[in-house]
Asks: 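Just dropping this structure here.
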2 protein chains.
Amino acid sequence: MSDLLERLRGRGWRMTAQRRVVAEVLDGDHVHLTADEVHARAVERLPEISRATVYNTLGELVTLGEVLEVSTDRRAKRYDPNAHRPHHHLVCARCGAIRDVHPTGDPLGDLPATERFGFTISDVEVTYRGVCPNCVSA
Amino acid sequence: MSDLLERLRGRGWRMTAQRRVVAEVLDGDHVHLTADEVHARAVERLPEISRATVYNTLGELVTLGEVLEVSTDRRAKRYDPNAHRPHHHLVCARCGAIRDVHPTGDPLGDLPATERFGFTISDVEVTYRGVCPNCVSA
DNA sequence: GACTTGACTTAGACAATGTCCATTGTAGGA
DNA sequence: TCCTACAATGGACATTGTCTAAGTCAAGTC
């Protein structure tokens with residue numbers, strides 16, 4: 001994650017204790033925290049950090065392209081630090097667990113021109129839904 | 001839409017003025033209204049209808065499989081009456097316009113076993129994002 | 001047609017998530 | 001060290017959705 005901090009500093013991002021903590025909380029694979037979860041973990045390290053700052057910082061990281069917003073459920077947005085490796089998501093319908101997945105195939109190529117309605121398409125998002133091993137056996 | 005009303009009645013769905021209005025509002029192709037939009041249109045025909053009833057009715061239609069819930073943006077859920085023909089969605093990033101699309105290809109088959117993490121997958125949701133012709137020229 | 005009953009509807013309180021703003025604080029350059 | 005622009009704070013507000021208690025009504029029965 002020091003990578004991320006370095007990159008951000010190099011891009012002129014003003015470094016503060018709050019921003020550092022938010023970036024650190026987002027480190028790792030298969031991390032998909034909600035803003036509130038990020039806030040909760042950030043508070044453990046920096047008790048005074050406010051909700052608004054967490055929202056602001058997450059929004060900035062998304063704008064900078066360092067973090068992706070993911071909406072796998074219909075509740076809170078989740079934040080995925082794995083922004084530099086394109087991937088899709090697999091979600092457990094019971095417990096909400098999320099895994100990053102890398103399907104073969106080309107969904108964009110699968111959409112014929114007649115089905116594009118004149119849109120200029122820039123992105124495809126694929127969400128697989130199912131039940132995870134834990135929930136199946138439970 | 002009388003089809004839908006007939007089907008519902010046949011399934012023992014108690015018919016009320018409110019439910020009829022909600023079902024009628026949802027009629028058509030490329031219809032993807034939010035609960036609030038459904039409520040607004042329902043109020044035009046039945047001024048006393050309450051928000052709670054619209055939410056309840058939409059929830060029931062989803063449970064019955066007559067309407068799909070769609071989350072194309074991160075704001076409100078949208079309701080898609082075209083539940084009997086499988087399809088995906090194409091969304092304009094600027095104005096939010098939504099079209100139903102039918103890609104070729106098999107996204108489920110494109111996910112290798114090694115990428116399934118033991119999940120039992122039941123559904124795939126694909127959302128194409130881009131800019132619609134209106135917004136491009138504007 | 002009137003009665004009955006359980007399902008439906010209502011209004012409003014409440015909850016969860018997110019945004020905005022005025023004020024206060026501070027990182028980093030001069 | 002001092003300045004200044006940018007960041008953080010906290011609390012009000014907005015949006016979307018859920019819940020509940022009380023009233024209302026659709027549809028079956030007589």
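Residue numbers begin at 1 in each chain, while the letters A, B, ... track the order of the sequences.
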Asks: So, the side chain of B:His87 versus the backbone of B:Arg85: is there a donor-acceptor pair under 3.5 Å, distance only?
Replies: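 Such a contact is found between B:His87 side chain and B:Arg85 backbone.
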Asks: Does A:Glu60 reach the side chain of A:Arg19, with side-chain heavy atoms less than 4.5 Å apart?
Replies: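 In contact.
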Asks: At less than 4.0 Å, is any side-chain N or O atom of B:Thr53 found next to OP1 or OP2 of C:dT10? Yes or no.
Replies: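 Answer is yes, contact under 4.0 Å.
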Asks: For atom CZ of B:Arg41, decide whether the heavy atoms of other residues, nucleotides or ligands shown that lie under 6.0 angstrom number more than 12.
Replies: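 Counting other residues, nucleotides and ligands, CZ of B:Arg41 stays at 12 neighbours or fewer.
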Asks: Would you kindly give the NZ-to-P distance between A:Lys77 and C:dA16, to the nearest whole Å?
Replies: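 My rounded result for the distance is 18 Å.
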Asks: Checking only heavy atoms, does the side chain of B:Arg51 share a donor-acceptor pair with the base of D:dG17 at less than 3.5 Å?
Replies: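 For B:Arg51, whose side chain was compared with the base of D:dG17, there is a donor-acceptor pair (under 3.5 Å).
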Asks: According to a 4.5 Å side-chain heavy-atom criterion applied to Ile, Leu, Val, Met, Phe, Trp and Tyr, with indirect links allowed, do A:Tyr128 and A:Val131 form part of one hydrophobic cluster?
Replies: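 Not linked; separate clusters.
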Asks: One pair to check against side-chain contact (heavy atoms from CB on, under 4.5 Å): A:Tyr79 and A:Glu69. What are the steps and the verdict?
Replies: CA-CA 5 Å; A:Tyr79 294 88; A:Glu69 251 178 31; 3.5 Å; yes
Asks: At under 4.0 Å between heavy atoms, how does the protein contact nucleotides 25-30 of chain D? Give one character per nucleotide, 5' to 3', with B, S or -.
Replies: BBS---
Asks: Determine whether more than 12 heavy atoms belonging to other residues, nucleotides or ligands lie under 6.0 Å from atom CZ of A:Arg129.
Replies: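 Result for CZ/A:Arg129: enclosed.
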Asks: To the nearest Å, give me how far apart CG (A:Leu8) and P (D:dA7) are.
Replies: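 Rounded to the whole Å, the gap is 12 Å.
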Asks: Could you go through B:Glu125 and B:His89, starting from their C-alpha distance and side-chain angles, then the distance that decides it, and tell me whether this counts as side chain to side chain donor-acceptor pair (under 3.5 Å)?
Replies: CA-CA 9 Å; B:Glu125 215 173 87; B:His89 292 102; over 6 Å; no
Asks: Please report, rounded to the nearest Å, how far the C1' atom of C:dT9 is from the NE2 atom of B:His39.
Replies: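 Result: 12 Å.
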Asks: Nearest-Å distance, CG (B:Asn56) to P (D:dA21)?
Replies: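 After rounding, the reported distance stands at 15 Å.
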Asks: Using atom CG of A:Leu58 as one end and atom P of D:dA7 as the other, report the distance to the nearest whole Å.
Replies: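 Checked: the CG to P distance equals 15 Å.
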Asks: When you check the phosphate oxygens OP1 and OP2 of D:dT18, does a side-chain N or O of B:Tyr55 lie under 4.0 Å from one of them?
Replies: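 Indeed not, no polar side-chain atom of B:Tyr55 lies that close.
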Asks: Provide, to the nearest angstrom, the distance between the CG atom belonging to B:Leu46 and the P atom belonging to C:dT10.
Replies: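 In whole Å, C:dT10 P lies 7 Å from B:Leu46 CG.
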Asks: Nearest nucleotide by nearest heavy atom, which residue falls closer to the 5' end of DNA chain C, A:Ala76 or B:Ser50?
Replies: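 The residue whose closest nucleotide sits nearer the 5' end is B:Ser50.
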Asks: Rounded to whole angstrom units, what separation is found between the CZ atom of B:Arg20 and the C1' atom of C:dC8?
Replies: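 So the two atoms are 14 Å apart, to the nearest Å.
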Asks: Hey, does B:Ala52 reach any base, or is it just sugar-phosphate, or nothing, if we go heavy atoms under 4.0 Å?
Replies: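 Counting heavy atoms under 4.0 Å across all strands, the contact made by B:Ala52 includes a base.
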Asks: Here's a test of your reading of the structure: between A:Glu60 and B:Thr34, which maps to the more 5' nucleotide of DNA chain D?
Replies: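 The answer here is A:Glu60.
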Asks: Hey, is the side chain of B:Gln18 poking within less than 4.0 Å of OP1 or OP2 on C:dT10, counting only N and O atoms?
Replies: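 Checking B:Gln18 against C:dT10: at least one side-chain N or O falls below 4.0 Å of OP1 or OP2.
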Asks: Verify the contact: side-chain N or O of B:Arg75 to OP1 or OP2 of D:dA14, cut-off strictly under 4.0 Å; return yes or no.
Replies: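 No, no such contact exists.
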Asks: Just the rounded figure in Å: distance from C1' of D:dA7 to CD of A:Glu48.
Replies: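 After rounding, the gap between these two atoms is 14 Å.
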